[in-house]
Amino acid sequence: MRSPQKRTTGAEPIGFYSCESSPIKDNDNGERTPLTLNQDHSIYEVPEAFDKSATFRHSNRSRNSNNMIDRNDRNGGNYERVSGPSSHMLYLPDSHKSSPWKRKTQRIVSISSSILALVLCILALVLGVFHILWPNISHEPTTPPPPELFDDAGRYIFEDYDAHTPFSNFLPGLAGIYGKPLYAFFVNRGQAIASFGVESKETPIMEFSAANVAYQNTPFVGFRTFIQGRRGRNDQSFVVEPFSTFTTNYPKSTSTHQTDNSIMAEPLPNIRPTNKRRLYSGENELQIQEIDYQHQLETNATYFILPEEDFGCLVRRTTISNLHNRQSITVSVLDGLAKMQPAGGDLGFMLKTMGRTLEGFFSVFFPYQNSITMPFFRLTTQPGDSDFVQVQERGHYCVSIFEGKDGNTNNLLPIVYDTSKVFGRDTTLSRPVELFERSVGDIVRNPQYGNAKTSSCFAAVEEVVLGPGESVTISSFFGAADHVLDIPVIARRLLQEGFVQYKLMRTREVVRQITSSVETQTGSKVFDSHVRQMFLDNSLRGGIPLVLGDQDDNNGFLTVDEDPRLKVFHVFSRIHGDLERDYNDFFLRSEFFSQGPGSFRDVVQNRRNDVIFQPRIASFNVRTFLSFIQADGYEPFSVEAVVFTIDNRDLCDDVAMRAVGSADGHRAQREALSGILENGPFRPGQLFRLMAEQNIFLKVTRQEFIDMVAVAATSTPMAVYEKGFWADHWTYYLDLIQSYLVIFPDKEEDLLLNFMLPYFFSPASVQPRNKKYVENLSYNADHDHIQQLDATVEDSSKEAYMKQFIAETTGWYSLTAHWQHDEKGEIFESSVYAKLFLLATIKFATRDPMGMGIEYEGGRPGWDDANNGLPGMMGSGMPESFELKALIQYLFRTASDYNRDLILPEELHRLFEAINKNLAIISGYKMHDRPSKRVREELFTYWDNVATARETYREQTKVTFSGRTVILSLKTVIDHLLIWMQEIDRGISRAQSIGTNGFGDMGDSGVIPSYFAYRVTNWNRTGERNKDGHPLVVPLNMTVKRFPLFLEGAARQLKTVDTIKAREIYGNVRNSSLYDKDLHMYTLSASLVGQPIEIGRSRAFAPGWLENQSVWLHMSYKFYLQLLRHNMYDEFFDEVRSGGLLPFMDPLVYGRSLMECSSFIASSAFEDPEVRGRGFLGRLSGSTTEFLSMWTLMFIGSKPFYVDETTGDLKMELIPTLPAWFFQGHDEGGNEISEGDDSRNPTVSFKLFSSITVNYHNDGKHNLFGVKPSLYRVGLRDGSVFEFHQDFIPSMMADKIRRVVFVDYIDAYF
């Protein structure tokens, strides 16, 4: 943002423009004069005495040319027209008139120039004819320079942002740990902000609209700026709206301009644009800029969320600058929000469905009479039709502050809140009709009315004179407060000198403190910035782990596994629910330690790499998510933040004493605080809010206090069940464990066998087959078929059991209600290994009738949730089979390594035995050369028997475990796991033989199928009906249905094979219809043409859009990640550089910031060529965690810590996967910069464990693919330096590095 100081006016012009193509303005006499740009994009005016009949052509001549006008000569003298040697038309003063002999020389030069011009014309004609006759002979096309992507602050630049394809985005809602965030969404239309508010879309300050509506409405109902201006001796006035949609510089269209007496646009053919607009997208801020050439004004508006205060605000800082080098301008300004919504409960739905009735509750209040500086927008009562009437006190406010030309904060500005006083009867809000008839001052001084209608909120500035280069700034704050009398208190804080500038700086620092964890310096600035953004977005979806409980230096280097006083709390997480993902209901708590709930699948994936960036959390994530495994093998839908409890009253009193003080005057506060701590579970943000409500003041810092609480408290994971159980949730556990083992390979046995975990208890159960297999009419109504419906139901017996744990004081379930008990009422627990074995057993028992995929029997599909109809089609998934194989491989390996018997619940042991007994039925089954789609008798019998055993197990453990356990010998475990792996491999072979079937798919691609469905061909009715009256049935035989190619199957298969097989899989996928040859990317599916509509919404979408044959970056990145894990370096970097990895895509095609991943990219299958390659559903996707896993492999290696097999010592090695073109000394295209241009050594730097700077020195300029360093230099924080002339770091130093706090940097030389 430009500082509100006087602008520098000494820049020389960069050229002249013809009257037909230059920016123009009216001079003092009402005549039109061309304008010229300075080098800093400001404007100077061509002198009034210039001959306006002359033609001004563009010139880039040197500023020292004799034909350039000296700045000192522009303000006086008579001028005449002359010709320069390049035939550019210029004007010089009378004192520069030529003598007769000079004029004769000029005529000779002119004649010579004419002859030369004639010769050139003839030559051009000849060349034109030559080109027509021999069109194939051509020169290389001139490539325009690549667009500048970043400004000096590292913000991504969008030139003429509102003329490009639309996209939506959001501010990250980061206000710091001790701040209260608001949410804010923006689009590249109008003044950007499309919606903002408190916590959720149900409590908006600016109404939430889906992206397609926001693109249309934001320029009108969003933030607006109106300027009444007067300039020149005649004080000719104008009204202008910066960023108006009527003056957007759309490409390939007629330009428009604003007239001085109308804000509407008029066509002016063949002139240059009258403005230049930019959008600067920062990591935690947003700025828009308009340079108005016609009126010589520059307008900048910056948005950010106010950080580190106990009240939350969206801050808007608008600066208006006078670009004229000589003339002053008098401006009056209205700047603010066109439609401001009041507070009054959950209004989001009602605003859209009964908005006019709702307006009857609307009103505007003020803390002081006869003042309009601090409006407070709220409903009089909460809307309702009951006998209980709730008065509304909480409201939304706006405080606007005027910063004068000297940059000092002066006073609060009056607010125009009556919409009709600005727009009159123009209900479209297109034009500020009233501003054409009256001044801003008249509007402010006349009555306004705010009842029974939706208000505006415009800060009003009257009659400010801006000299040449001067600026004026309006800082506005939009937020929520509990009472109207809170606003003066907030305003006093906001009026402190330099407050806004300091908070903008802190906004940037808050996000930098997060992204510095992955600070990376390569030869590609785009890649380095992309790394930071991906880490930020991953943190917003999964959260950032904070370790609480540090009270002394002794536990500062211990992990949470080593010190039970330490607790982990994730902040800043939330479920997405942005303008493009309007189907989700996000929630971002407006409190300290802010966070919100997230989907299990999202959170478990996006926390995969936590331990790599924060080793202190150790096994916390593994233990947390494995605790959510239920007895039935499923997981809850939503994950919430952990809660703290302190059950010991003495501990509560001790914390209160130390936090508040022991003085008698503090007794009431101590007792209140102790009561809060003791009475039920709490989170840090809730704790601070309750303390504020009860006026409890600390004598220690907030951080010291929360550390005290963490030490005394117990933390408990929290989750919530929602309808159905997802088939893929369990598939991410192994990723968590493997990430843990990257840092703690020496702790594997302790993790698997010494930690005991509970089982989550949800109120729902998976129904047995005879309660969910339903006879129903087909979609085309020509036959009956069998569907799987209502697979999961809320179970009355489970709900009744949970009710006994309702707390009397709160009426809520106590924490113990969410964990499964045994018959004695104790929470039942198993080891990590036992819970993984339970998963493997249940999933093996859930294989489909052909023994290929895992059945979608819980009512929900797997990762590709757009195939939502697959469960109803009795579908199954191969992706889950590959994950089961990987899990069994891991259990087999660790059982062999640690030689420990296994303790299982007796109910699970009975299921284990039933599976193994029935395997004998299919032991002799062999796949025929021509595989049959019919499920053969032995396969069907095995499936039916094992499914019955699974249902029996679930019935036995539905409410409680018995509590009795069985010891399974190591040999038994190993023997049967081996048999299970072999049986899974047989199922994979069957799937490969059966193959895929789709449009243009002959089944010969060699790519493994991803999904199957089963059609029941014969059945018996049970005599019962479901809740909708459909007959329930028992199947007697089935056939299998095939589907087209999907990428997920191959991506997951790569986790289970060796490198030779991986290369074969990669080649098959690359050569299949999954590869988009135009985009050089992989689509989620092949064509779905001809597939049944009942497969789900994927079939309902247009080809190339959403989950129908589009490029889904999360799955593509999973695929790329496996290439790295198999050391397929050439294949991986070929995919990267061809545009498969986001920062290497074409920004103009992608259509949004290259820093931010989209969920999907429209593929070449989409009908509109203009849309192909564009990204949609930006940010907060699983692609971020896949990218960070790739970053880890590229910069750190797969196993930085390992246990020496000979000595048993922990050692460390860094084995990167970095091509030579990635190193500094190369440009963005990977080309080496000559030493004359860049003398830097070929190095790459990054942060290890969010703290330790690592420098790779590659003086040989080689590809570092699996190459170990020959020398390590490790610098400690005490200043000592250690060198290791070997390819590993020994045990003592390896442990120091893993504990992070001791080490400053590592230099590795290759």
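These values consider heavy atoms only, across backbone and side chains, with no hydrogens, waters or symmetry-generated copies.
Annotation: the span from Phe1160 atom CZ to Leu1113 atom CG amounts to 10.0 Å, rounded to 0.5 Å. Atom CG of Leu887 and atom OG1 of Thr731 lie 10.5 Å apart (nearest 0.5 Å).
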Checklist entry - Between Trp1112 and Phe1046, is a ring-ring contact (aromatic ring centres under 6.0 Å, His included) present by the stated rule, with each step listed? => result CA-CA 11 Å; Trp1112 211 263; Phe1046 285 80; over 10 Å; no
Next on the checklist: Test ring-ring contact (aromatic ring centres under 6.0 Å, His included) on His821 and Phe805; report intermediate values, then the result.
Outcome noted: CA-CA 12 Å; His821 295 72; Phe805 300 106; 4.9 Å; yes
Item to check | Chi angles and distances behind the salt bridge (Lys or Arg N to Asp or Glu O under 4.0 Å) call for Glu951, Arg954 | outcome: CA-CA 5 Å; Glu951 291 164 355; Arg954 284 179 173 161; over 6 Å; no
Checklist entry - Should Asp1001 and Thr996 be marked as a side-chain hydrogen bond (donor to acceptor under 3.5 Å, both in side chains) after you check the CA-CA gap, both sets of side-chain angles, and the distance that decides it? => result CA-CA 7 Å; Asp1001 181 4; Thr996 57; 2.6 Å; yes
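In terms of heavy atoms, Ser1183 sits closest to Ser1158 at OG-O, 4.5 Å. Closest heavy-atom contact between Pro861 and Trp726: O-CE3, 3.4 Å.
Using modelled atom types and a 3.5 Å distance limit, the side chains of Tyr759 and Ser830 yield a donor-acceptor pair. With 3.5 Å as the limit, one finds no donor-acceptor pair spanning the side chains of Arg607 and Thr624. A side-chain N or O of Thr1017 and one of Asn1037 form a donor-acceptor pair less than 3.5 Å apart. Looking at Gln820 and Tyr801, their side chains never bring a donor and an acceptor atom within 3.5 Å of each other. A side-chain donor from one of Gln605 and His1114 sits under 3.5 Å from a side-chain acceptor of the other. With 3.5 Å as the limit, one finds a donor-acceptor pair spanning the side chains of Glu1048 and Tyr1011.
For residues 871-888, every residue pair satisfying the salt bridge (charged side-chain N to carboxylate O under 4.0 Å, His left out) rule, not counting sequence neighbours, is listed here: Glu883-Arg1052, Glu883-Lys1055, Lys885-Asp985. Identified under the salt bridge (charged side-chain N to carboxylate O under 4.0 Å, His left out) test for residues 622-641, with sequence neighbours left out: Asp561-Arg623, Glu640-Arg683. Legend: side-chain hydrogen bond (donor to acceptor under 3.5 Å, both in side chains) pairs involving residues 905-915, not counting sequence neighbours, sorted by first then second residue: Glu906-Ser962, Glu906-Arg964, Glu907-Ser962, Arg910-Gln956. Listed by first and then second residue, the salt bridge (charged side-chain N to carboxylate O under 4.0 Å, His left out) pairs involving residues 1016-1039 are Lys771-Glu1024, Glu775-Arg1021, Asp790-Lys1027 (not counting sequence neighbours). Among pairs with a residue in residues 937-949, those fulfilling salt bridge (charged side-chain N to carboxylate O under 4.0 Å, His left out) read Arg769-Asp944, at least two apart in sequence or across chains.
A donor-acceptor pair under 3.5 Å is absent between the side-chain atoms of Lys933 and the main chain of Ile994, judged by distance alone. Not one N or O on the side chain of Lys798 forms a donor-acceptor pair closer than 3.5 Å with the backbone of Ser765. Using a distance-only test at 3.5 Å, with no hydrogens or angles considered, no donor-acceptor pair links the side chain of Lys843 to the main chain of Ser881.
Ser1159 places a side-chain heavy atom less than 4.5 Å from the side chain of Ser1181. In this structure, the side chains of Leu1088 and Pro1044 come closer than 4.5 Å at one or more pairs of heavy atoms. Between His785 and Val1016, the closest side-chain pair of non-hydrogen atoms is not below 4.5 Å.
Ring centroid separation for the pair Phe912 and His976 comes in under the 6.0 Å cut-off. Centroid-to-centroid, the aromatic rings of Phe625 and Tyr732 stay 6.0 Å apart or farther.
Ring geometry for Phe600 versus Phe628: interplanar angle over 60°, hence perpendicular rather than tilted (30 to 60°).
A cation-pi arrangement is absent between Lys723 and Phe637, since the terminal nitrogen or guanidinium carbon is not both under 6.0 Å from the aromatic centre and inside a 45° cone about the axis. With Phe1101 as the aromatic partner, Arg1097 does not meet the cation-pi criteria of under 6.0 angstrom to the ring centre and within 45 degrees of the ring axis.
Checking Phe760, Phe761, Tyr813 one by one against Trp819, the ring pair (Phe, Tyr, Trp, His ring centres under 6.0 Å) holds for a single residue, Phe760.
Between Asp865 and Arg601 a salt bridge is recorded (basic side-chain N to carboxylate O distance below 4.0 Å). A salt bridge links Glu1186 with Arg608; the closest basic N to acidic carboxylate O contact falls under 4.0 Å.
Taking Asp848 as the reference, nothing meets the salt bridge (Lys or Arg N to Asp or Glu O under 4.0 Å) condition, with sequence neighbours excluded.
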